[in-house]
Q: 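Before anything else, here's the structure in question.
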Amino acid sequence: VLSTMVYVQGTDNAKSSYVNISLDGDDDGVYETVLENNRLLNVSSSGDGQVHRVNENITRVYSDYLLNYDISDYIKSDSIKVNVHATSAAGNSDSKIKYVAVVAAYNVEDSNEEYYYAINTGHSWNSYGDIATTRFNFPANATTNVTQAVLTQVATSSLSTGKLRITMINKYLLGAA
């Protein structure tokens, strides 16, 4: 999964941005896969945390556009490169890239160990003191207890001094808040 977030100030569509995203999946220096080519980000949103869907890959909450892509078919090397470029479409707005992340799950050859991966991407609007929850379900064919679970959270705005709470039952990660 390739995930990136672009900040475009405000909630109206008067402030907009163009974004270009390309991928060098075989590490040859050529960005052969174009995921977005001058995609105009100009969907109106609201200040209440509602998720506004742009298309199957892009959502917006308040001033942030979240862009997610399944790039598994494009990864041909142990090393890849991603190019994300955002620029103001109207000349009067910020177009800032908040983060770029690649999450790649893989099998270790010659190993009998089973690994289960759960990737949950999306917006979670929280006010100070709110609790956000996400749940992961393991597949029915999981034959052994989970011995380790790792949760990574990306906070793209203010992060309070609140605690991250992870709930485990019978060694299964049920959710986090």
Q: Rounded to the nearest 0.5 Å, what's the gap from OG on S88 to CG on L41? Could you check?
A: 11.0 Å
Q: So, taking the atom named CG in N57 and the one named OG1 in T4, what distance separates them when rounded to the nearest 0.5 Å?
A: 12.5 Å
Q: Taking the side chain as C-beta and beyond, is there a heavy-atom pair between L2 and I21 under 4.5 Å?
A: yes
Q: How close do S79 and D27 get, heavy atom to heavy atom, and via which atoms?
A: O-CB, 3.0 Å
Q: Quick check: are there more than 12 heavy atoms from other residues, nucleotides or ligands sitting under 6.0 Å from CG of D78?
A: no
Q: So for atom CG, which belongs to N38, do other residues, nucleotides or ligands contribute more than 12 heavy atoms lying within a distance under 6.0 Å?
A: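 Check passes, neighbour count above 12.
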Q: In terms of hydrophobic clustering (I, L, V, M, F, W, Y; side-chain heavy atoms under 4.5 Å; direct or indirect links), are V84 and Y65 co-clustered?
A: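 Yes; Y65 is reachable from V84 via cluster members.
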Q: Between S3 and Y99, do the side chains contain an N or O donor and an N or O acceptor separated by less than 3.5 Å?
A: yes
Q: Looking only at heavy atoms, which two atoms of A86 and V6 are closest? And how far apart?
A: CB-CG1, 4.0 Å
Q: Assess, by modelled atom type and distance only, whether the side chains of S46 and H52 contain a donor and an acceptor separated by less than 3.5 Å.
A: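 Side chains of S46 and H52: pair found under 3.5 Å.
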Q: In Å and rounded to the nearest 0.5 Å, what is the OG1 to NZ distance from T87 to K96?
A: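 Spacing of OG1 (T87) from NZ (K96) equals 12.5 Å.
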Q: Hey, is OH on Y74 packed in by over 12 heavy atoms from elsewhere, all under 6.0 Å?
A: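 Count not over threshold, so no.
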Q: Distance check, rounded to the nearest 0.5 Å: N42 atom CG versus Y18 atom OH?
A: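 It is 8.5 Å, given to the nearest 0.5 Å.
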Q: Return the CG to CZ distance between L67 and R60, rounded to the nearest 0.5 Å.
A: 11.5 Å
Q: Should I58 and L66 be marked as a side-chain contact (heavy atoms from CB on, under 4.5 Å) after you check the CA-CA gap, both sets of side-chain angles, and the distance that decides it?
A: CA-CA 6 Å; I58 304 172; L66 179 63; over 6 Å; no
Q: Please tell me whether I97 and V54 are part of a single hydrophobic cluster in this structure, the criterion being side-chain heavy atoms less than 4.5 Å apart.
A: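 They do share one cluster, since a chain of ILVMFWY contacts under 4.5 Å joins I97 to V54.
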Q: Decide whether I75 and V30 are clustered together by the hydrophobic rule: side chain heavy atoms of Ile, Leu, Val, Met, Phe, Trp, Tyr closer than 4.5 Å, transitively.
A: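 No; V30 is not reachable from I75 via cluster members.
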Q: Among the clusters formed by ILVMFWY side chains lying less than 4.5 Å apart, do V34 and V19 turn up in the same one?
A: no
Q: Would V82 and M5 show up in the same hydrophobic cluster when neighbours are defined by side-chain heavy atoms closer than 4.5 Å?
A: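 Unlinked, V82 and M5 end up in two clusters.
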Q: How about OH on Y69, more than 12 heavy atoms from neighbouring residues, nucleotides or ligands closer than 6.0 Å, or not?
A: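 Yes - once you tally the heavy atoms of other residues, nucleotides and ligands closer than 6.0 Å, there are more than 12.
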Q: Search all heavy atoms of Y62 against all heavy atoms of G47 and return the closest pair with its distance.
A: CD1-CA, 3.7 Å
Q: Start with the C-alpha gap between N20 and N37, add the side-chain angles, then the distance that decides, and say whether side-chain contact (heavy atoms from CB on, under 4.5 Å) holds.
A: CA-CA 5 Å; N20 295 289; N37 184 19; 3.5 Å; yes
Q: How many angstroms lie between CD in Q9 and OG in S16, if you round to the nearest 0.5 Å?
A: 10.5 Å
